[in-house]
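Okay, structure first, notes after.
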Amino acid sequence: MQVAVFILVVLVFVALSGALVRLVRVPLPVLQIAIGAALAWPVRGIQIEIDPELFLLVFIPPLLFGDAVAAPKRELLALRGPILDLAIGLVFFTIVGFGYALHWLVPSIPLVVAFALAAVLSPTDAVAVSSIVDRNVVPARLMHILEGESLLNDASGLVMFRFAVAAVLTGSFSFAAASLSFLYAVAVGILAGVVAVFAAAKALQLLNRIGGVPAEAQVLVTILIPFIAYLGAEHAGASGILAAVTAGVLTSGSGIFRYLGVSARMQTISLWTTLSFVFNGALFILLGLQLPGIIRNVPPELSSRHWLIEPVATVLILTLCLIALRFLWIWVGDIAARLFARLGKRKAETFGLRVRLAGSVAGVRGAITLAGILSLPLAMPDGSPFPARDVVIFLAAGVIICSLVIASLALPKIARGLVEPGEHPGAAEERRARVGAANAAIARIESVANDGSEGEEAGARLAVADSIVAGYRRRIAASDEADEARAEAREAGRLELELRLAGIEAERAAVRAMFRSREINDHTMQALFAEITLTEALLKGRQARK
């Protein structure tokens, strides 16, 4: 009974936060964390012990699955280079750099435990970023990279976290064994996601052949996909998180929805939207519920000099260290991209300083970090306490909050006015103005339509309002698609110039060959060369302007 009441209370406050966020100027995740802390702060407030394995199973698979289904596949595929660079390369760089920095700053934490904390802090939360800053303010390319990174680095970060915890428990670590285990976890995790989607497709096909099956049964099959993928991978000792992400990517790209009826398809889309909002809100409220207990029990290792200043300063320094490591990695990646582009004799569209800074600050930590750090074992195999467990849990919770606060304060200011590489600032301003005007119109229409009246007239007003609002939302979506189309047009124009310049050399060679075979005389050859040279100069001028 107590569990049921607790669930209802959380759902009530998730709904309440959706209304309060319109009244207070704070990001939704920060507001939900504050609500959770307020519920748990009194002496007789809500107290709950979270089972990490149950926490991971209930929340993480559906959330990652929903994000993967909604992720833009074409853009993620086009940006696979920087996404994999951040999702894998940055994770290992963070583990090494942050691990040594933490061990130096807090010597009481063993180095292997410091690596474990670094691994669980490496996954980022793009959902929190999109709640903090308007997607139309952050450049679309940067937002796609952040979304793709957050989908993949959860798997790589938690796999390395498990290796570090295993090293603490056994007292040994083999790089070769860890590498093979990592490859196994990735390969079998992807395979589990593929198998889950294949099984769901066959189940939906069977329901279609039977005929007359309620739409709710088809919807239930789609809901079970992430859980089947996650449990199958975990049972095989692989990455359940990567399995859920793979299942989500394949679900939207494989056409499995064509086996759903129209009613089932509409219900599925609506249900996943609602589940995403509820689960994300519940996660942040649960995080807030943990804060008072963590703050009341500040580890002695972090309060030997001052009970407040020392732990706060430690958390702030570690958060800034994560941001600095991320900035350094993005900066080095930009330099490498520029060098490779120069070697390939093509123009590199690298990020500027402000975009690098925005990408660094946007790497906030969230639910995966909380679930992972709470899964630390309580004791070693010999019965002794797990070393520095309370310290790393405190630091992980502090970094989550601190990264959210820094991003909430700094990211909107850094991101405002940013433009895509190659985009004219005036075009970016016009796009943001159009989107802002559309959002303002939506808010006004909704307020007029919901005037509190009842009856047929009120129902007709709401129906008309929904239709108009849908048109404005299509206009906002069209603005995003136009940005992508302009980027594709720029790329197509660049390729066209490169191909035409390559054709110039072929024309010259052909003219020389005809002159050598005496098909044309010297005067004709010189005239053709002059014409070809003029065309080349015009093309190079266009290339320089682009």
*asked:* Checking the side chain of Ser122 only, and the main-chain atoms of Gly157 only, is there a donor and an acceptor separated by less than 3.5 Å?
replied: no
*Between Val188 and Ala236, which heavy-atom pair has the shortest distance, and what is it?*
CG1-CB, 3.9 Å
*Does Glu301 pair with Arg389 as a salt bridge, N-O distance under 4.0 Å?*
no
*Taking C-beta and beyond as the side chain, do Val364 and Thr124 meet within less than 4.5 Å on heavy atoms?*
no
*asked:* Looking at every non-hydrogen atom in both residues, tell me the closest pair between Leu146 and Gly359 and how far apart they are.
replied: CD2-O, 4.2 Å
*Taking the side chain from Glu310 and the backbone from Arg305, do they hold a donor-acceptor pair closer than 3.5 Å?*
yes
*Between the side chain of Thr268 and the main-chain N/O of Ala264, is any donor-acceptor distance below 3.5 Å?*
yes
*Grab the two heavy atoms, one from Thr319 and one from Cys402, that are nearest each other, plus how far apart they are.*
OG1-CB, 3.4 Å
_Arg80 vs Leu77 side-chain heavy atoms within contact, under 4.5 Å_ = yes
*Backbone N or O of Ile109 within a donor-acceptor pair of the His103 side chain at under 3.5 Å?*
yes
_Other residues, nucleotides and ligands only: do more than 12 of their heavy atoms fall within 6.0 Å of CH2 on Trp272?_
yes
*Give a yes or no on whether the backbone of Val361 and the side-chain of Arg326 come within a donor-acceptor separation of less than 3.5 Å.*
no
*Quick one: does Ser360's side chain get under 4.5 Å of Ile330's, heavy atoms only?*
yes
_side chain to side chain contact (heavy atoms under 4.5 Å, CB included) partner of Phe65, chosen from Val245, Thr251, Val249_ = Thr251
*Output yes when a side-chain donor or acceptor of Ser276 lies under 3.5 Å from a complementary backbone atom of Thr273, and no otherwise.*
no
*asked:* Has Arg365 got a side-chain atom pairing as donor or acceptor with Leu121's backbone, closer than 3.5 angstrom?
replied: yes
*For the residue pair Phe279 and Leu283, establish whether any side-chain heavy-atom pair is separated by less than 4.5 Å.*
no
